[in-house]
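To start, the structure itself, in structure tokens.
Just so it is clear, the structure is predicted and the values come from calculations on it, not from any experiment.
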Amino acid sequence: MDLKNMKRETKITYAEPCKNTGSHIQPLYQTSTFVFDNAEQGAARFAGEEPGYIYSRLGNPTVRCLEEKMALLEEGEDATVYGSGMAAVSASILAFVEQGDHIVAQQCLYGCTHSFLSEIIKKWGIEVTFVNDASNPENFKNAMRPNTKIVYIESPANPVMQLTDIKACADIAHENNARLIIDNTYMTPYLQRPLNLGADIVLHSATKYLNGHGDVVAGILVGSKEDMDTIRMTTQKDLGGITSPFDAWLMQRGIKTLAIRMKEHEKNAMEVAKFLEAHPKVKTIFYPGLPSHPQHQLAKEQADGFGGMIAFELHGGLEAGKVLMNNIEVFHLAVSLGTVDSLIQHPASMTHSPVPEEDRRAAGITDGLVRVSVGIENAEDLIDALDRALKLV
Ligand SMILES: *Cc1c(COP(=O)(O)O)cnc(C)c1O
């Protein structure tokens with residue numbers, strides 16, 4: 001059976017039963033190491049002359065199932081899995097840069113990705129140019145240098161929901177022999193497949209929609225077999241930020257319902273966004289599914305949907321936002337996103353507090369911005385909860 005030609009929903013759900021036992025769900029290989037038949041076999045595995053498992057930092061059958069699933073969904077050749085989205089960020093970037101190299105990144109990024117690029121990596125003599133307005137690909141082009149090795153983007157960007165033209169950025173990167181790495185956490189492969197638009201590596205915080213149930217922290221990379229092998233043999237092997245077999249097993253369970261979850265997230269987000277847009281206490285709202293979003297057209301072109309994330313600002317600014325967050329029911333006041341239940345948080349003091357104030361402003365993250373991750377509850381209850389809390393603002 002060729003899953004590659006099947007529809008997205010089938011690719012997401014279907015998994016081969018276990019060949020040895022017929023177990024419908026793949027077993028959990030909760031083991032750190034693998035026993036060799038003899039000394040010659042052990043040596044052959046280390047030499048790469050014989051396939052087979054050695055040690056779970058280098059590979060594990062449960063993790064392998066997840067890698068294959070993610071390669072299938074993102075339409076890439078191979079994937080690697082990490083203990084957090086941030087471990088995936090460092091594993092992908094550090095595998096392809098050395099002292100004296102240069103990276104072009106958009107200014108509005110997940111907070112810790114921004115601080116990794118602006119604080120950590122410069123200690124190794126790697127320069128980063130941040131592009132303030134990522135909506136215009138020309139700004140990426142102008143930032144390129146002969147020693148640029150990576151263009152790093154996020155679309156839609158966390159938290160302001162600004163879109164970046166993936167295909168245009170891939171072309172700009174490739175003209176300079178650089179790689180395009182894109183964080184696809186907000187969209188998931190159900191809604192957006194950046195490798196088909198020319199990206200070289202797709203990155204996920206699998207903590208979010210992929211796992212979907214709020215009980216795992218993990219990261220995933222998908223790309224060519226060559227790039228994944230390079231990463232496996234360098235930053236995965238020697239920095240070691242891998243996931244546990246149990247978390248990989250939970251993620252496979254989570255991914256099985258990705259399609260129906262994303263449909264519900266999006267349906268609810270659209271209703272919540274429309275409600276907020278029409279509410280007199282809401283000053284601005286950022287949701288690519290609204291025709292008023294400046295990049296609504298691009299969202300329709302490069303993705304199959306708009307996702308479940310919304311950001312907005314109240315007329316009363318930060319103070320009003322605090323009243324909302326402290327009084328709202330149904331939504332949990334918590335960072336993270338992409339879980340089945342709705343979450344609300346304040347980027348400037350929470351997820352994006354690692355970003356220096358000046359950079360936050362340049363990225364459009366105002367102090368009054370509130371971010372919601374719309375869950376799969378009944379939309380009416382979400383809207384009623386917002387309505388009640390906004391009355392107190
Ligand atoms: C959460 C998040 C990350 C970091 O992932 P962790 O799993 O928390 O390490 C990276 N990018 C985006 C867009 C995120 O939302």
Do other residues, nucleotides or ligands put more than 12 heavy atoms under 6.0 Å from [X] [atom1]?
{"X": "Y14", "atom1": "OH", "value": "yes"}
{"X": "K263", "atom1": "NZ", "value": "yes"}
{"X": "K256", "atom1": "NZ", "value": "yes"}
{"X": "M233", "atom1": "CE", "value": "no"}
{"X": "R253", "atom1": "CZ", "value": "no"}

Step-by-step salt bridge (charged side-chain N to carboxylate O under 4.0 Å, His left out) determination, K267 to E264: CA-CA 5 Å; K267 188 162 74 61; E264 288 299 308; 3.4 Å; yes
Regarding [X] and [Y], does a basic nitrogen lie under 4.0 Å from an acidic carboxylate oxygen?
{"X": "E266", "Y": "R261", "value": "no"}
{"X": "D171", "Y": "K141", "value": "no"}
{"X": "E67", "Y": "R232", "value": "yes"}
{"X": "R361", "Y": "E357", "value": "yes"}

Over-ring placement of [X] relative to [Y], 6.0 Å and 45° cut-offs:
{"X": "K208", "Y": "Y110", "value": "yes"}
{"X": "R179", "Y": "F96", "value": "yes"}
{"X": "R8", "Y": "Y190", "value": "yes"}

Test of ring centre spacing under 6.0 Å for H204 and Y209: no
Classify the side-chain pair [X]/[Y] by whether it contains a donor and acceptor separated by less than 3.5 Å.
{"X": "T62", "Y": "Q26", "answer": "no"}
{"X": "Q295", "Y": "S135", "answer": "no"}
{"X": "S342", "Y": "H332", "answer": "no"}
{"X": "S205", "Y": "T207", "answer": "yes"}
{"X": "E74", "Y": "N184", "answer": "yes"}
{"X": "H174", "Y": "D200", "answer": "yes"}
{"X": "D2", "Y": "N5", "answer": "yes"}

Ring geometry between H114 and F130 (parallel below 30°, tilted from 30 to 60°, perpendicular above 60°): parallel
Geometric class of the F246/W249 ring pair [parallel <30°, tilted 30-60°, perpendicular >60°]: parallel
Over all atoms of both residues, closest heavy-atom pair of S84 and V217: CB-CG1, 3.7 Å
Over all atoms of both residues, closest heavy-atom pair of L250 and N211: O-OD1, 3.5 Å
Nearest-0.5 Å distance, [atom1] of residue [X] to [atom2] of residue [Y]:
{"X": "L210", "Y": "T185", "atom1": "CG", "atom2": "OG1", "answer": "7.5 Å"}
{"X": "S118", "Y": "D359", "atom1": "OG", "atom2": "CG", "answer": "6.5 Å"}
{"X": "I201", "Y": "S92", "atom1": "CD1", "atom2": "OG", "answer": "6.0 Å"}

Option among I344, I365, N158 that satisfies the side chain to side chain contact (heavy atoms under 4.5 Å, CB included) test with R371: N158
Worked verdict on R145 versus E127 for salt bridge (charged side-chain N to carboxylate O under 4.0 Å, His left out): CA-CA 11 Å; R145 296 185 195 163; E127 279 192 279; 3.2 Å; yes
Steps toward side-chain contact (heavy atoms from CB on, under 4.5 Å) verdict (Q345, T351): CA-CA 8 Å; Q345 68 110 7; T351 47; 2.8 Å; yes
